[in-house]
Amino acid sequence: MQATRKTQAERASRSLTVLVPCWNEEESLPRLFERLDGLRRNETRPIRYSFLFVDDGSKDSSQSLIRAYAATRPYAHYMFLSRNFGKEQAMFAGIEHVNTDGLVIIDADLQDPPELIGQMADLWMQGYEDVYARRRSRQGEGWFKKASSHAYYALLQKIASVEVQQDTGDFCLLDRKCVQALQQLRESERNAKALFSWIGFRKIEFLYDRDVRAAGKTKWGFAKLCRLALDGITSFTTAPLRIATWLGVGVSLASAAYAVAIAVKRLTTGIDVPGYASTMVVILLLGGIQLLSLGIMGEYIARIFNQTKGRPNYLIEEDDIGTSQSSLPHRVQGAQRISHDAQTQ
């Protein structure tokens, strides 16, 4: 009878995986473990939590800490990638191995409070399929990062063909429908926020105040942020190619008009138009426009090249998903699993 009641209760509840991509987060992980345990212990809603840590090739003791944590908790699981593939690939690795009713993505640095997951789950239970967290305030971030981020999302909103959620990160709660849709997207150059917007489904905004990092330093330097922004633009729209086309048309028309003006002046006044300096300016301008256009085309061609190589998005060196009894099935579509037996032969 007790077993029957337990089964009925589990059916009435929802399963929710908390996915934590991490890289060199040994200073933050102990605090994260404590707060995740508190989330699960204090939960009064009909939610069955499980935690999935995806380590993206950490060089510190992060993997040892995660392994020890999961060893004493049947609801905690991990995947260790063979090297640092990048946060986007680490998130995709976790997404591919989730089969629960819902999925929460949260960073290991505790800037996104785990205690808010319950409030996001309330909206999920009301029928929303993508509860995305929008930052009302961002503590510990400089004015330049805030301003550049706002400008980037404003630009993306104007040129993108789908609605883009502004001032958001990866902190979100996705229904199983969204997870299954993301599992079908096979591109190698990934931008999670762009893909979350592209798949659609019923979305709702959840406002929150972002905390400062619990420990350590951010892994996102200026160059990485620029690359992520470029990935977002090229994965969302072909507007840069269209801009290059219209720029070429505009320069061609201006050149034709200038040539007509020179011819008219020569015929009407008989005076040669002096123009060494202006000629050099035009040559340099045209050269710059040509190089810019080639660079834009090169960005798209490079992504085509990477996609056609057909390499897996990540490689798994170690995990406890396939051998444990959990709601996280052993599934590998976008990755190759490294066999230690094969390595020793």
Reported [atom1]-to-[atom2] distance for the pair [X] and [Y], which is rounded to 0.5 angstrom:
| X | Y | atom1 | atom2 | result |
| --- | --- | --- | --- | --- |
| Leu65 | Glu25 | CG | CD | 11.5 Å |
| Ile204 | Trp124 | CD1 | CH2 | 15.0 Å |
| Leu16 | Leu39 | CG | CG | 8.5 Å |
| Ile117 | Gln119 | CD1 | CD | 11.0 Å |
| Arg134 | Cys172 | CZ | SG | 15.5 Å |
| Leu52 | Ile95 | CG | CD1 | 10.5 Å |

So do the side chains of [X] and [Y] get within less than 4.5 Å of each other, counting heavy atoms only?
| X | Y | value |
| --- | --- | --- |
| Ile199 | Leu185 | yes |
| Tyr69 | Leu29 | no |
| Glu318 | Arg67 | yes |
| Leu174 | Leu182 | yes |
| Leu123 | Leu173 | no |
| Met125 | Ile47 | yes |
| Val98 | Leu19 | no |
| Asp101 | Asp175 | no |

Shortest non-hydrogen contact between [X] and [Y], atoms and distance:
| X | Y | result |
| --- | --- | --- |
| Asp320 | Ala76 | OD2-O, 3.7 Å |
| Met120 | Ala133 | CE-CB, 4.4 Å |
| Pro113 | Phe171 | O-CZ, 3.8 Å |
| Ser28 | Asp109 | OG-CA, 4.0 Å |

Would you say Glu34 has more than 12 foreign heavy atoms packed within less than 6.0 Å of its CD?
no

Do Tyr208 and Asp112 have side-chain N/O donor and acceptor atoms under 3.5 Å apart?
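Side-chain D/A pair, Tyr208 to Asp112: present.
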
Does the side chain of Asp37 pick up a donor-acceptor pair with the side chain of Tyr49 at under 3.5 Å?
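Tyr49 and Asp37 do not have a side-chain donor-acceptor pair below 3.5 Å.
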
Side-chain donor/acceptor of [X] to backbone N/O of [Y], under 3.5 Å:
| X | Y | result |
| --- | --- | --- |
| Arg45 | Gly118 | yes |
| Asp56 | Ala90 | no |
| Asn84 | Gly57 | no |
| Ser58 | Gln63 | no |

Is the NZ or CZ atom of Arg73 both under 6.0 Å from the centre of the six-membered ring of Phe51 and within 45° of that ring's axis?
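Because its charged atom misses either the 6.0 Å distance or the 45° angle limit, Arg73 does not stack over Phe51.
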
Within 45° cone and under 6.0 Å: Arg83 NZ/CZ vs Phe85 ring
yes

Verdict with supporting geometry, Ile66 and Cys22, side-chain contact (heavy atoms from CB on, under 4.5 Å)
CA-CA 10 Å; Ile66 294 171; Cys22 48; 3.6 Å; yes

Take the angle between the ring planes of Phe80 and Tyr78 and call it parallel below 30°, perpendicular above 60°, tilted in between.
parallel

Let's go through Thr100 and Arg48 carefully: what are the C-alpha distance in whole Å and the side-chain angles of both, what is the deciding distance for side-chain contact (heavy atoms from CB on, under 4.5 Å) to 0.1 Å, and is it a yes or a no?
CA-CA 10 Å; Thr100 46; Arg48 291 176 284 116; over 6 Å; no

Name the one of Arg202, Lys203, Arg176, Lys177 that satisfies salt bridge (charged side-chain N to carboxylate O under 4.0 Å, His left out) with Glu129?
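Filter result, single survivor: Lys177.
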
Does Phe92 form a side-chain contact (heavy atoms from CB on, under 4.5 Å) with Leu195? I'd like the steps, not just the answer.
CA-CA 11 Å; Phe92 181 55; Leu195 297 179; over 6 Å; no

Verdict with supporting geometry, Tyr314 and Val54, side-chain contact (heavy atoms from CB on, under 4.5 Å):
CA-CA 11 Å; Tyr314 56 89; Val54 180; over 6 Å; no

